[in-house]
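Here is the structure we will look at, set down as structure tokens.
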Amino acid sequence: MKLKYIPVFAEDADAQIDFYTQKLGFNAISNICFIEGEGCTVLQADNLDVALVVAGGNSNNTFKSCIILNTEDCLKDYHLYKTAGVFFYAAPRYLPTGLAAEFLDPGGNRFILLEERNYTEI
């Protein structure tokens with residue numbers, strides 16, 4: 001078994017898709033029927049094995065996703081996305097698992113850029 005799709009929910013699917021393609025560099029690769037017969041757009045980034053599935057019509061904001069994007073260089077990606085207009089609600093900070101920075105997409109889904117680090121001394 002392998003994780004293939006991560007759903008992200010939005011009231012305005014078009015705004016979500018624009019955010020992912022224009023600011024984060026994803027590409028729309030297909031459409032699938034995913035939730036309650038709704039058509040959803042599948043987005044893929046070149047360096048990811050999983051795809052995001054944008055599910056629209058979430059007007060009651062019941063569902064939210066938390067997506068962790070593993071990165072080799074958190075500071076580089078933080079500045080790249082910030083320059084593209086992504087609003088980070090927290091500057092990069094050190095956590096027990098590594099360096100992380102957090103932002104929200106237009107639908108309120110939470111993203112974490114995580115550069116995993118091993119802080120154990122040998």
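For the numbers below, each heavy atom of this structure counts, side chains included, while hydrogens, waters and symmetry mates do not. Source: prediction; values computed, not measured.
- A pairwise comparison of heavy atoms in Ala28 and Thr21 identifies N-CG2, 4.4 Å as the closest pair.
- Residue Leu52 is not grouped with residue Leu104 when hydrophobic side chains (ILVMFWY) are merged at heavy-atom distances under 4.5 angstrom, including chains of intermediate members.
- The two residues Ala100 and Ile112 make their nearest non-hydrogen contact at CB-CG2, 4.0 Å.
- Of all heavy-atom pairs spanning Asp73 and Thr71, the tightest one is N-OG1, 3.1 Å.
- Counting only distance, with no hydrogens or angles, the side chain of Gln16 and the backbone of Gly107 share a donor-acceptor pair below 3.5 Å.
- Nearest approach of Cys74 to Ala101, heavy atoms of both residues: SG-N, 3.9 Å.
- Here the side chain of Ser65 pairs a donor or acceptor atom with the backbone of Pro7 at under 3.5 angstrom.
- A search for salt bridge (Lys or Arg N to Asp or Glu O under 4.0 Å) contacts involving Glu102 returns Arg93, Arg110, not counting sequence neighbours.
- In this structure, Ile67 is a member of the same hydrophobic cluster as Phe26, with clusters built from ILVMFWY side-chain heavy atoms closer than 4.5 Å.
- Classification of the Phe88-Tyr81 ring pair by plane angle, with boundaries at 30° and 60°, yields parallel.
- Separation of atoms NZ (Lys23) and OG1 (Thr83) is listed at 11.0 Å; rounding is to 0.5 Å.
- A donor-acceptor contact shorter than 3.5 Å links the side chain of Asp12 to the backbone of Asp14.
- In the hydrophobic cluster analysis, where Ile, Leu, Val, Met, Phe, Trp and Tyr join through side-chain heavy atoms closer than 4.5 angstrom, Leu114 is grouped apart from Val86.
- Interatomic distance, Tyr5 OH to Gln44 CD, rounded to the nearest 0.5 Å: 9.0 Å.
- Scanning all heavy atoms of the two residues, the minimum distance from Ala90 to Tyr78 falls at O-CE1, 4.5 Å.
- Between Glu116 and Asn70, the closest heavy-atom pair is OE1-ND2, 2.7 Å.
- Here the CD atom belonging to Glu115 is positioned 7.0 Å from the CG atom belonging to Leu75, to the nearest 0.5 angstrom.
- Both Leu69 and Val8 sit in one connected hydrophobic cluster of ILVMFWY residues. Membership requires side-chain heavy atoms under 4.5 Å apart, directly or through other members.
- Phe103 is not listed as a side-chain neighbour of Lys82, based on a closest heavy-atom distance of 4.5 Å or more.
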*asked:* Would Asn109 and Phe19 count as a side chain to side chain contact (heavy atoms under 4.5 Å, CB included) here? Give the steps.
replied: CA-CA 12 Å; Asn109 297 290; Phe19 177 81; over 6 Å; no
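- Tracing side-chain contacts under 4.5 Å through hydrophobic residues (I, L, V, M, F, W, Y), one reaches Ile17 starting from Val50; they form part of the same cluster.
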